[in-house]
Amino acid sequence: MILHMLLDYDTLRVIWWALLGVLLVAFAVTDGFDLGTGTLLPFVARTDLERRVVINTVGPVWEGNQVWLVLGGGAIFAAWPQLYAVSFSGFYLAMAAVLLALILRPVGFKYRSKRDSSQWRAAWDWALFVGGFVPALIFGVAMGNVLQGVPFRIQPDMQIFYEGGFFGLLNPFALLCGLVSVAMLVMHGAAWLVLKTDGLVASRARAWGIRAALATVALYAVAGVLLWNVVDGYRISSELVTTGPSNPLFKTVQANVAGAWFANYAAHSWTQLAPAAGIVGALLAWMALVKRKEGVAMLASSLSVAGIVLSVGASMFPFILPSSIQPQASLTVWDSSSSHLTLFIMLFCACIFLPLIIMYTSWVYKVLWGKVNPTDIRDGQGHAY
């Protein structure tokens, strides 16, 4: 109870905003190389044995990596219920497409080698490609729409109405963000394959990774320029109340503010570390892949992925989800969270279970460390796919 009183409401809100960022970064860094590997599968592996090598680099770990996606969804549901209500209803078709694509992965892993047929296996290989490419694209498109604002409104009784459609999400800036996401995760998947394989697969993955790293830098830079000059942001124009009730309608918001998403970088210079990590990490990954420093390439690509994801949160704070048709209804850290007690209880549970998840995940990677050997796969020694 004493600790509950020491952690005041505004502090808990910031902590859970930061924890949500941690969960999203953990998902992007771990499951991100799974998605990138699936996207690269048809292009880096040309024989059945090579494709089995690629699949077995992620087959033992992809399920554990998706724990971060489940945790992120659960955190949004419990800590930010209004965000959950808007995003999971407004982006319903996009979410359904992501889930269907993700379902293809376990099915593809399990059924691909059930029949000794080249056509059967090729079909599942392309299904695994879809399972990697589609989520990578849609996650980026979603972030692009969040930065522009989402068409939802909130009535005085707190009923939320989404006024947009699926194809409205496919606007030019959002699609550009989708390409940033794809390039970023292809770079990350290529770095993983270079780390986990040898021979022709690693050589092809290195070539794709070099291209993807440069594409990540170029596309991310273009998105930043557009965010500064073309895509307007939002700004709270009323007094900032950080301990008030979770009612977004108690504030006023100014929309269409040029360069608003760069205000935090000017006010708090340390936030510039996020976009800098996104660009520097990709350049380091490119250099490491060229110089065949596989461990460095994986660390650098992870840094880039984390930086790019964090730069969205750093740009938008305290906004979580702006409304393009009713700016006053925009959700922020200060007015869309669960209660003080709920956030405290969740934080207590997170302090217990997050370290356990991290320790278990680290142990799994330690046990499974090392390169996937084609000879072992051919002989069926210890490889399930």
Side-chain angles (χ1 to χ4, degrees), residues 3 7 11-38 56-80 83-84 102 105-106 109 132 135-136 139 181 184-185 187-189 191-196 270 273-274 277-278 281 284-285 294-314 333 337-338 342-372:
L3 185 59
L7 290 173
T11 301
L12 280 171
R13 282 168 160 168
V14 173
I15 289 174
W16 270 103
W17 172 81
L19 281 176
L20 179 58
V22 169
L23 294 176
L24 292 177
V25 167
F27 169 68
V29 170
T30 57
D31 207 46
F33 67 73
D34 292 350
L35 300 178
T37 298
N56 277 280
T57 63
V58 296
V61 297
W62 74 269
E63 289 178 291
N65 293 340
Q66 291 214 151
V67 166
W68 298 108
L69 177 62
V70 176
L71 288 175
I76 293 174
F77 174 77
W80 311 99
L83 173 62
Y84 183 90
L102 291 177
R105 290 202 297 173
F109 288 146
F139 287 142
S181 177
M184 172 184 76
L185 296 185
M187 169 190 68
H188 199 37
W192 173 256
L193 286 175
V194 170
L195 184 68
K196 294 289 288 183
W270 60 269
L273 292 173
L284 287 175
E294 50 195 45
V296 175
M298 188 65 194
L299 291 175
S301 67
S302 299
L303 176 66
S304 179
V305 170
I308 291 173
V309 173
L310 289 175
S311 67
V312 177
V333 172
S337 71
S338 294
T342 298
L343 295 182
F344 175 77
I345 294 173
M346 288 176 56
L347 180 61
F348 179 78
C349 295
C351 289
I352 296 174
F353 291 107
L354 270 181
L356 293 176
I357 294 172
I358 292 172
M359 287 188 292
Y360 171 74
T361 302
S362 301
W363 177 78
V364 168
Y365 276 95
K366 180 180 179 181
V367 171
L368 297 173
W369 198 248
K371 293 183 180 290
V372 177

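Only heavy atoms go into these numbers, but all of them, side chains included; no hydrogens, no water, no symmetry mates.
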- Message: For K196 and T37: C-alpha separation, side-chain torsions, deciding distance, then whether side chain to side chain contact (heavy atoms under 4.5 Å, CB included) applies.
- Response: CA-CA 11 Å; K196 294 289 288 183; T37 298; over 6 Å; no
- Query: Can I357 and W68 be said to form a side chain to side chain contact (heavy atoms under 4.5 Å, CB included), step by step?
  - Reply: CA-CA 9 Å; I357 294 172; W68 298 108; 3.9 Å; yes
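Between the side chain of S304 and the main chain of S301, no donor-acceptor pair closer than 3.5 Å is present. Although no hydrogens or angles enter the test, the distance criterion places no donor-acceptor pair under 3.5 Å between the side chain of T11 and the main chain of L7. In this structure a side-chain-to-backbone donor-acceptor pair under 3.5 Å is missing from S302 to V29. S181 places a side-chain N or O within donor-acceptor distance of the main-chain N or O of A136, the cut-off being under 3.5 Å.
Note: T361 OG1 to L356 CG = 10.5 Å, rounded to the nearest 0.5 Å. Note: L185 CG to L35 CG = 6.0 Å, rounded to the nearest 0.5 Å. One distance of note links CE of M346 with CD1 of I15; it measures 12.0 Å at 0.5 Å rounding. In this structure, CH2 in W16 is found 11.0 Å from CD1 in I76, a value given to the nearest 0.5 Å. Distance CG/N56 to CZ/F109: 9.0 Å, rounded to 0.5 Å. Taking CG from L19 and CG from L24, the interatomic distance works out to 11.0 Å, rounded to the nearest 0.5 Å.
The shortest distance between side-chain heavy atoms of L310 and L273 does not fall below 4.5 Å. In this structure the side chain of L69 never reaches within 4.5 angstrom of the side chain of D31, judged on heavy atoms.
Contact between S338 and W80 at its shortest, heavy atoms only, is OG-N, 4.4 Å. In this structure, S337 and L343 approach most closely via the heavy-atom pair OG-CD1, 4.0 Å. Across H188 and A28, no two heavy atoms sit closer than the pair CD2-O, 4.1 Å. Residues V25 and A306 share a closest heavy-atom pair of CG1-CB, 3.7 Å. Nearest heavy-atom pair across V194 and E294 is O-OE1, 3.6 Å. Scanning both residues, L102 and Q66, for their nearest heavy atoms gives CD2-OE1, 3.6 Å.
In terms of the side chain to side chain donor-acceptor pair (under 3.5 Å) criterion, Y360 has no residue partners (sequence neighbours excluded). Under the side chain to side chain contact (heavy atoms under 4.5 Å, CB included) criterion, L299 pairs with no residue, sequence neighbours left out.
By the 6.0 Å contact criterion, CZ on F348 is open, its count of non-hydrogen atoms from other residues, nucleotides or ligands being 12 or less.
Using the six-membered ring where Trp is involved, F33 and W192 have ring planes that are parallel, under 30° apart on the 30 and 60° scheme.
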